[in-house]
Amino acid sequence: MRLTKLGHSCVRLQKDDRTLVIDPGAFTTEADALEGADAVLITHEHFDHFDPDRLRKAMAENPALEAWTSRVVAENLADLGGRVHQVGHGDAVTVAGFEVHVYGEDHEILHPDIPPIPNTGFLVDGEVFHPGDALTVPGEPVRTLCLPGNAPWMKIPELYQYAREVRPERAFVIHDGLLNDNGLSVMETHVTNAGKEAGKDFRRLKPGESVDLAS
């Protein structure tokens, strides 16, 4: 499987001749993020993960493109009918030839008085886990973690703790679109240190950078 990091929280996964894209939101500036995609996974409704106009355009251009997502996003896209599939914690589905297990129910807390929105994390082929905006620990081993690097709902100690709890073989940063160069440098240092602590490969991929994930 090949993993390509795109802008902010968007990841493209390719296996054989199939392509799966996760969270192509408004901070994903690559115009071709959805080009050639067989399916799309969307963790939750926030604009930096879900751009409804962009997705509708892509689905209009590619009648075979389908999406799997949380309840709120699925309701937003109800006009697309059976091409949009609602999933939730505990579900296991086959998506464009990829085996996807769904973990997590809620977005991390943004305000103590506001209930969290739904958030669905996706473990793809037992290899890559994309948690969306939550620090969900799946109920099975994770080889490759898409590790949130920065968010309004997250502190650096939580980055370390999350990596310790998931215990991936490797981790690549997502959710980094809010940072300028100074912030990216600080964040990358902490991610590298977390990897050294675990004796694993933890790093940030630049937008457009790819890695091949050995089985």
Side-chain angles (χ1 to χ4, degrees), residues 1-46 48-52 54-70 73-74 77 80 82-104 119-134 136 138 140-148 168-175 205 207-215:
M1 183 190 302
R2 168 166 285 197
L3 180 153
T4 302
K5 166 69 165 64
L6 301 179
H8 190 52
S9 205
C10 185
V11 171
R12 176 187 289 263
L13 301 176
Q14 295 170 287
K15 180 181 69 173
D16 300 326
D17 61 345
R18 312 298 287 173
T19 299
L20 185 65
V21 176
I22 307 176
D23 279 5
F27 292 165
T28 301
T29 58
E30 295 87 350
D32 61 350
L34 287 168
E35 185 175 322
D38 296 290
V40 183
L41 305 179
I42 300 171
T43 60
H44 66 289
E45 68 214 65
H46 285 160
D48 54 326
H49 298 255
F50 170 49
D51 183 339
R54 178 185 213 166
L55 184 56
R56 281 192 172 88
K57 181 176 183 294
M59 294 181 80
E61 293 173 349
N62 179 4
L65 183 61
E66 298 188 17
W68 279 257
T69 186
S70 67
V73 175
L77 299 173
L80 296 173
R83 297 173 65 189
V84 177
H85 311 270
Q86 178 182 327
V87 291
H89 179 72
D91 287 342
V93 293
T94 301
V95 178
F98 296 84
E99 298 303 315
V100 178
H101 292 185
V102 183
Y103 288 101
N119 181 90
T120 53
F122 299 105
L123 178 63
V124 180
D125 277 356
E127 173 70 52
V128 177
F129 184 60
H130 190 304
D133 276 8
T136 302
E140 58 184 298
V142 172
R143 287 174 55 84
T144 304
L145 176 64
C146 296
L147 175 64
E169 289 298 309
R170 52 191 163 241
F172 302 116
V173 172
I174 58 168
H175 217 280
L205 301 178
E209 188 174 355
S210 300
V211 291
D212 290 319
L213 306 176
S215 299

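We use all heavy atoms of the structure for the numbers below, so side chains are in, but hydrogens, waters and symmetry mates are not.
Counting heavy atoms from C-beta outward, His130 and Leu41 have side chains that stay 4.5 Å or more apart. No side-chain heavy atom of Ile22 sits under 4.5 Å from any side-chain heavy atom of Val128. Side chains of His175 and His8 form a contact here, defined as non-hydrogen atoms less than 4.5 Å apart.
Although no hydrogens or angles enter the test, the distance criterion places no donor-acceptor pair under 3.5 Å between the side chain of Arg143 and the main chain of Gly126.
Interatomic distance, Phe122 CZ to Thr136 OG1, rounded to the nearest 0.5 Å: 11.0 Å. Atom-to-atom distance recorded for Asp16:CG and Thr19:OG1 is 10.5 Å, nearest 0.5 angstrom. In this structure, Arg83 CZ and Leu65 CG are separated by 6.0 Å, a value rounded to the nearest 0.5 Å. Here the CG-NE2 distance, from Leu80 to His85, works out to 10.5 Å after rounding to the nearest 0.5 Å.
A salt bridge is absent between Lys5 and Glu30: the closest approach of a Lys/Arg side-chain nitrogen to an acidic carboxylate oxygen does not fall below 4.0 angstrom.
With sequence neighbours left out, the side-chain hydrogen bond (donor to acceptor under 3.5 Å, both in side chains) criterion links Glu209 to no other residue. Among residues two or more places apart in sequence or in another chain, the ring pair (Phe, Tyr, Trp, His ring centres under 6.0 Å) test is passed with His46 by His44, His107.
By the neighbour-count criterion of 12 heavy atoms within 6.0 Å, atom CD of Glu99 is densely surrounded, having more than that number from other residues, nucleotides or ligands.
Residues Val21 and Ala33 approach most closely at CG2-O, 3.6 Å, considering heavy atoms. Nearest heavy-atom pair, Arg54 versus Thr28, reported as atom, atom and distance to 0.1 Å: NH1-O, 2.7 Å.
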